[in-house]
Amino acid sequence: MSLLRWEPLQVNVDLKLDVLARHCDEVGRDLSTIEVSAHLFEPLDPATAARTARELAAAGCDHVIIYMNAPFAEATLRNVARAVADATA
């Protein structure tokens, strides 16, 4: 599921999940069997990543995938990942 930057996050995810639910109904699949993920692209700071991850979780996302350009500082990735994990625990 790709998130469009110019729409409010909750509205965007809600609309996409509604479409997914309709498609599931059409083919007889249980929506709860689908894992919903979203992508976070850099530049990321821990506070912004945590806030966005909380919003995504509240909107129905099960997983957040963090993208960072190489080479990246391992400490930066760890800090962002820790903030996301703590925010969604």
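Annotation for Val84 and Ala50: closest pair CG2-N, 4.4 Å, computed over non-hydrogen atoms. Closest approach of Leu40 to Ala49, counting heavy atoms only: CD1-O, 4.0 Å. Across all their heavy atoms, Pro46 and Ala83 have their closest contact at O-CB, 3.5 Å.
A side chain to side chain contact (heavy atoms under 4.5 Å, CB included) with Leu56 holds for exactly one of Asp62, Val13, Val36; it is Val13.
Here the CG atom belonging to Asp45 is positioned 8.0 Å from the CZ atom belonging to Arg51, to the nearest 0.5 angstrom. Residue Phe72 holds its CZ atom at 10.5 Å from CD1 of Ile66, rounded to the nearest 0.5 Å. Distance check: Arg22 CZ to Leu31 CG gives 12.0 Å after rounding to the nearest 0.5 Å. One distance of note links CG of Leu17 with SG of Cys24; it measures 10.0 Å at 0.5 Å rounding.
Listed by chain and residue number, Thr88 satisfy the side chain to side chain contact (heavy atoms under 4.5 Å, CB included) test with Ala57 (two or more places apart in sequence, or in another chain).
Between Tyr67 and Phe41, the ring planes are parallel. Angles under 30° get that label, and only those over 60° would be called perpendicular.
Residues Val19 and His23 meet the side-chain proximity criterion, which asks for heavy atoms closer than 4.5 Å.
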